[in-house]
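Report on the following structure.
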Amino acid sequence: MSRELAKTYDPSDMEGRLYEKWESSGYFHAEVDRSKKPFTIVMPPPNITGQLHMGHALDNTMQDILIRFKRMQGYNALWQPGTDHASIATEVRVMSELKKQGIDKHELGREKFLERVWDWRREYGGRITKQLRKLGSSCDWQRERFTMDEGCNKAVTRVFVNLYDKGLIYKGARIINWCPVCNTSISDAEVEYVEQPSHLWHIKYPVVGDDGKPSTTEFLTFATTRPETMLGDTAVAVHPDDERYTHLHGRSVWLPIVNKAIPVVEDTYVDMEFGTGVVKITPGHDPNDFEVGKRHNLPIVNVMNDDGTINENGGKYNGMTDMDARAAIVEELKSQGLLVKIEDYSHNVGTHDRCGATIQPLVKQQWFVKMDELIKPAEEGVKNGDIKLVPPRMDRTYFNWTENIRDWCISRQLWWGHRIPAYYCSDCGEMIVAESAPEKCPKCGSVHITQDEDTLDTWFSSALWPFSTLGWPEKTPELDYFYPTDVLVTGYDIIFFWVIRMIFSGYEHMGAKPFSTVLFHGLVRDGQGRKMSKSLGNGIDPLEVIEKYGADALRFTLVTGNAPGNDMRFTDERVEASRNFANKVWNASRFIMMNMEGKNITRPADEDLWPVDRWVLSRLNNVVAEVTDNMEKYELGIAAGKVYDFIYDVLCDWYIEMIKPRFNSDDAKSANAALYTLKSVLIDSLKLLHPFMPFITEEIFCTLTEGDEEREADSIMISSWPVFTKQRQFEEDEAQIELIKEAVRGIRNIRSEMNVPQSKKANVFVVTGDEDVAKAFESGRLFFESLSGAASCTIQSDRSGIDDDAVSVMIANAVIYIPFAELVDIAAEKARLEKELGRLAGEIKRCEGMLSNDKFMSKAPEAKINEEKEKLEKYRQLHVQVSERLDMLKKR
RNA sequence: GGGAUCAUAGCUCAGCUGGGAGAGCAUUCGCUUGACGUGCGAAAGGUCACAGGUUCGAGCCCUGUUGGUCCCACCA
């Protein structure tokens with residue numbers, strides 16, 4: 001051993017160094033190689049404005065675990081990274097930077113502003129990818145992409161033109177969600193409804209009489225949450241079957257303040273049960289009213305400016321904010337005697353998920369993607385299993401959206417983003433949608449062409465991510481080889497924004513699904529179960545955690561003790577536990593290497609292995625099979641737990657302790673067999689742990705195998721994943737060793753109960769008539785003695801020569817006597833045995849009950865019946881042993 | 001209004017297709033055990049929310065109830 005591990009586990013010392021080694025060695029890079037099967041993950045591109053938060057950490061840890069696992073399994077593993085231009089987030093960010101310098105976006109102009117954004121991106125856009133490196137992400141940075149790089153731009157334009165040509169993109173005046181703060185339209189998915197206390201204003205409009213004038217006696221009363229929108233009312237509606245208002249069908253009411261007559265329309269949209277059964281209709285400022293308006297051919301009156309203030313259609317309220325106008329209008333209605341009452345009312349207000357501003361529904365010219373046709377293959381793909389969602393319950397959420405899909409508003413009144421490839425002739429108004437600007441108008445020949453001012457929703461480009469990153473629309477070898485990708489790992493919170501849109505885009509443009517499986521994870525919450533948020537200030541910075549505990553500990557914490565798709569709480573104590581585990585691995589490895597120091601360890605002959613060596617190999621073999629299976633089923637938490645248990649319990653607490661006495665034994669073969677087994681079990685354990693804790697496992701692996709003839713690879717990340725082999729299964733040895741372990745535990749238990757100090761050694765007797773048991777103890781004598789604190793161990797077939805006062809431990813087919821002589825309290829020992837006898841009697845009764853139940857015997861599977869029979873046999877036998885011993889003590 | 005999900009040890013959560021309740025942390029007791037006190041050994045702690053049902057057998061399946069969380073819809 002030419003190198004040694006440092007005395008203490010210090011992640012900060014190694015992590016950066018190892019990452020650099022990996023990246024520069026090209027281990028992350030994947031090339032098209034038809035001799036190998038590809039395994040591909042596309043990284044959900046973090047925003048260039050982003051700072052690594054726990055959500056990213058979880059998301060990328062999971063991806064890295066999968067990709068490292070598959071890479072070790074021999075797949076050609078590609079993890080495709082990149083970043084998202086995040087149009088609105090970035091634009092807002094840069095605008096506020098400029099504001100600090102006293103610069104206004106509009107004064108600067110579009111071109112200059114975009115230059116500033118690109119500058120900003122050059123300076124800060126790479127921050128998040130640096131942070132992802134700290135996590136240990138083994139993505140192919142050589143293939144890093146950006147949603148606004150040349151290739152992605154091309155893909156976006158191509159898709160837009162394709163969809164337009166197919167009639168799946170259209171421009172039209174629809175009611176859209178308008179953010180008066182960001183000054184842009186947003187999609188339905190970006191609206192977040194927040195419950196807010198407000199009022200319900202009950203207002204009455206006079207009915208218009210035959211003379212065309214408002215009646216002074218007859219009124220129609222209704223309730224509204226937004227009285228200011230009355231300025232844009234163009235009707236009131238009642239349900240056609242509502243007998244209270246039959247007499248008003250075909251008539252009109254008088255719209256106060258505006259002073260004009262508006263019709264009473266009949267529409268089933270009205271709920272007769274709610275309020276008075278009358279609804280004022282404002283097609284310009286309410287999505288439902290817009291629909292009603294369309295059905296009844298009502299005019300649309302827009303009373304609002306883009307900044308949310310009342311416009312010239314609001315008459316004297318022109319220029320007021322909506323809230324000021326509301327108060328003033330209510331006051332005016334009151335003075336006219338038209339305000340009936342005001343009730344407290346709590347209702348959901350649509351807000352912009354980015355800035356929190358109240359959304360104004362407005363009618364505007366926007367671009368839309370027609371969804372009803374596009375969504376069909378996406379729906380079908382999940383329905384027929386072409387794409388699998390994990391956990392499967394996510395199907396319901398998915399279908400809930402696909403079944404209620406509405407057209408997607410894709411235009412944004414922003415500058416930072418993909419500009420819509422629509423061009424207009426300034427002379428004749430002709431619109432041309434094309435991949436590049438036409439030189440002249442195809443209709444009138446004019447050269448005065450301007451491009452549409454709007455940009456596209458950020459998610460329009462992210463929807464293409466699985467194939468745009470692989471080169472589409474070019475027919476690249478990468479696209480052919482790596483597409484469809486295998487797994488998409490993401491949070492369930494962006495299923496609507498992103499997952500569905502990638503799926504329908506994949507089917508539409510590639511003719512194939514973008515990925516086979518979507519693995520959802522939950523949210524990372526704080527210790528009290530609250531969402532981590534900037535406003536609450538309860539976010540835990542992953543970088544600080546890495547600084548303090550190491551990336552390995554952070555990663556391990558994020559994937560353990562959690563089921564797929566469930567939220568998790570993140571606490572310092574949990575990271576500490578993970579760090580302690582890493583420390584354990586570190587020290588165990590250090591100890592192993594210490595003992596190998598200066599020795600020439602060679603592969604032992606099969607017959608030189610001891611039962612305990614075969615036991616650990618067999619246990620390892622089983623855990624390899626289980627962990628591999630869990631990984632393949634995306635049960636990362638379970639897999640991590642099993643690796644943890646194996647290393648901690650089987651390897652450290654038992655195996656190492658069991659073979660310690662052999663390290664410096666005179667029997668060179670024994671020492672060699674023990675150390676060789678130990679080393680190979682450690683290597684395989686490190687491999688199983690590597691996807692979860694890449695750094696520590698690499699450091700140990702490299703140190704451990706340095707200069708080793710059998711060294712498999714220069715890095716554990718390109719070594720081979722352990723496989724289950726029948727040759728490594730030794731069931732008999734497993735049973736034997738487990739029996740001895742049981743005896744050890746029994747003795748430790750008694751020592752602890754009776755307060756026998758460690759220094760007090762006793763001569764232990766194993767009494768058994770069973771030759772196999774005798775043999776087992778014979779071969780395990782060495783460690784049995786040391787682990788049970790025995791001075792010596794005598795194995796014999798009867799209890800001759802054993803002190804009557806000895807304490808006893810019963811295991812199957814054997815009684816172990818520990819004569820602690822002066823320490824033993826016979827009364828206590830009797831009580832202990834009585835208690836044990838009672839327990840066994842209970843177990844026997846239970847087994848007998850089951851086995852004498854005809855229905856159980858006829859219906860239960862045979863394996864279960866045999867299992868119960870064996871248990872009964874064992875309990876009966878133990879019962880005999882205990883009662884014999886008890887009788888003996890009683891006779892004295 | 002529709003849907004999802006949770007309720008298991010003091011706390012945070014696992015528990016895969018139904019076959020004798022688990023982990024981590026915390027607690028108690030013991031340990032100068034030659035890798036690790038970021039450690040070792042041991043113990044205590046649970047009518048698996050409640051009520052029914054299916055089954056030879058239910059933490060797990062079904063129905064209902066209660067309480068929490070979340071998503072969607074947006075009755076003005």
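- Atom CZ in Arg569(A) sits roughly 12 Å away from atom P in U69(B) (whole-Å rounding).
- A salt bridge links Lys864(A) and Glu868(A); the closest N-O separation between the charged side-chain nitrogens and carboxylate oxygens is under 4.0 Å.
- The separation between Asp526(A) atom CG and C13(B) atom P is 11 Å, rounded to whole Å.
- G45(B) and U65(B) have their P atoms separated by 36 Å, with the value rounded to a whole Å.
- Distance, Met568(A) CE to U69(B) C1': 17 Å, rounded to whole Å.
- Taking the side chain of Arg393(A) as heavy atoms from C-beta on, and the options A76(B), C72(B), A4(B), the nearest nucleotide is A4(B).
- If you check the side chains of Asn580(A) and Tyr549(A), you find no donor sitting under 3.5 Å from an acceptor.
- Phe570(A) has its CZ atom 16 Å from the P atom of C25(B), to the nearest Å.
- Taking atom P in both A44(B) and G24(B), the straight-line distance is 16 Å, to the nearest Å.
- The aromatic rings of His199(A) and Trp201(A) sit perpendicular, their planes meeting at an angle over 60°, well past the 30° parallel limit.
- Checking the phosphate oxygens (OP1, OP2) of C74(B), a side-chain nitrogen or oxygen of Arg406(A) falls inside 4.0 Å.
- Across the C1' atoms, G18(B) and A43(B) are found 32 Å apart, a figure rounded to whole Å.
- Nucleotide C16(B): unpaired (no Watson-Crick or G-U wobble partner with both distances less than 3.5 Å).
- Looking at Glu867(A) and Lys871(A), a side-chain N of the basic residue comes within less than 4.0 Å of a carboxylate O on the acidic one, giving a salt bridge.
- Using Watson-Crick or G-U wobble geometry with both donor-acceptor distances under 3.5 Å, C61(B) finds its partner in G53(B).
- Rounded to whole angstrom, the span from the OH atom of Tyr398(A) across to the P atom of U5(B) amounts to 19 Å.
- Distances shown here put a side-chain N or O of Asn566(A) below 4.0 Å from the OP1 or OP2 atom of A14(B).
- In this structure A42(B) sits in a base pair with U28(B), meeting the Watson-Crick or G-U test at under 3.5 Å.
- Rounded to whole Å, the distance from CG on Leu678(A) to P on A35(B) is 12 Å.
- Residue Lys584(A) places at least one side-chain N or O under 4.0 Å from the OP1 or OP2 atom of C40(B).
- When the C1' atom is used for both G39(B) and U55(B), the distance is 48 Å, rounded to whole Å.
- Separating the CD atom in Glu848(A) from the CG atom in Asn853(A) is a distance of 13.5 Å, to the nearest 0.5 Å.
- Using a 4.0 Å cut-off, no side-chain N or O of Asn853(A) falls inside it from OP1 or OP2 of G57(B).
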Contact list (N/O, under 3.5 angstrom) for nucleotides 45-49 of chain B vs protein:
none

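- Regarding contacts with the backbone of A4(B), a side-chain N or O of Arg396(A) is found under 4.0 angstrom from either OP1 or OP2.
- Taking the C1' atom of each, C60(B) and U17(B) are spaced 11 Å apart, rounded to whole Å.
- For Tyr648(A), a side-chain nitrogen or oxygen approaches OP1 or OP2 of C40(B) to under 4.0 Å.
- For Lys871(A) and Ile638(A), each mapped to the nucleotide of RNA chain B holding its nearest heavy atom, the one lying further toward the 5' end belongs to Ile638(A).
- Taking the C1' atom of each, C50(B) and A58(B) are spaced 16 Å apart, rounded to whole Å.
- We find that CD of Glu576(A) is positioned 13 Å from C1' of G37(B), with the value rounded to whole Å.
- With a 3.5 Å ceiling on both atom-pair distances, U33(B) lacks any Watson-Crick or G-U wobble partner.
- A sub-4.0 Å separation between OP1 or OP2 of A76(B) and a side-chain N or O of Tyr345(A) is present.
- No side-chain donor from either of Thr358(A) and Thr351(A) sits under 3.5 Å from a side-chain acceptor of the other.
- Within a 6.0 Å radius of CD in Glu547(A), no more than 12 heavy atoms belonging to other residues, nucleotides or ligands are found.
- When the side-chain nitrogen and oxygen atoms of Asn580(A) are compared with OP1 and OP2 of G39(B), one or more of them lie within a distance under 4.0 Å.
- Of the candidate nucleotides A76(B), A35(B), G41(B), A35(B) has the atom lying nearest to any side-chain atom of Ile656(A).
- Looking at Gln196(A) and Asn348(A), their side chains never bring a donor and an acceptor atom within 3.5 Å of each other.
- Checked by atom type, the side-chain pair Glu190(A)/His352(A) shows no donor-acceptor distance below 3.5 Å.
- When both pairing distances are held under 3.5 Å, A4(B) makes a Watson-Crick or G-U pair with U69(B).
- Under the Watson-Crick or G-U wobble criterion, with both distances below 3.5 Å, A9(B) has no partner in any strand shown.
- If you measure from atom CG of Asn400(A) to atom P of C72(B), you get 9 Å, rounded to the nearest angstrom.
- Trp401(A) and Phe496(A) have parallel rings, their planes meeting at less than 30° on a 0 to 90° scale where 60° marks the start of perpendicular.
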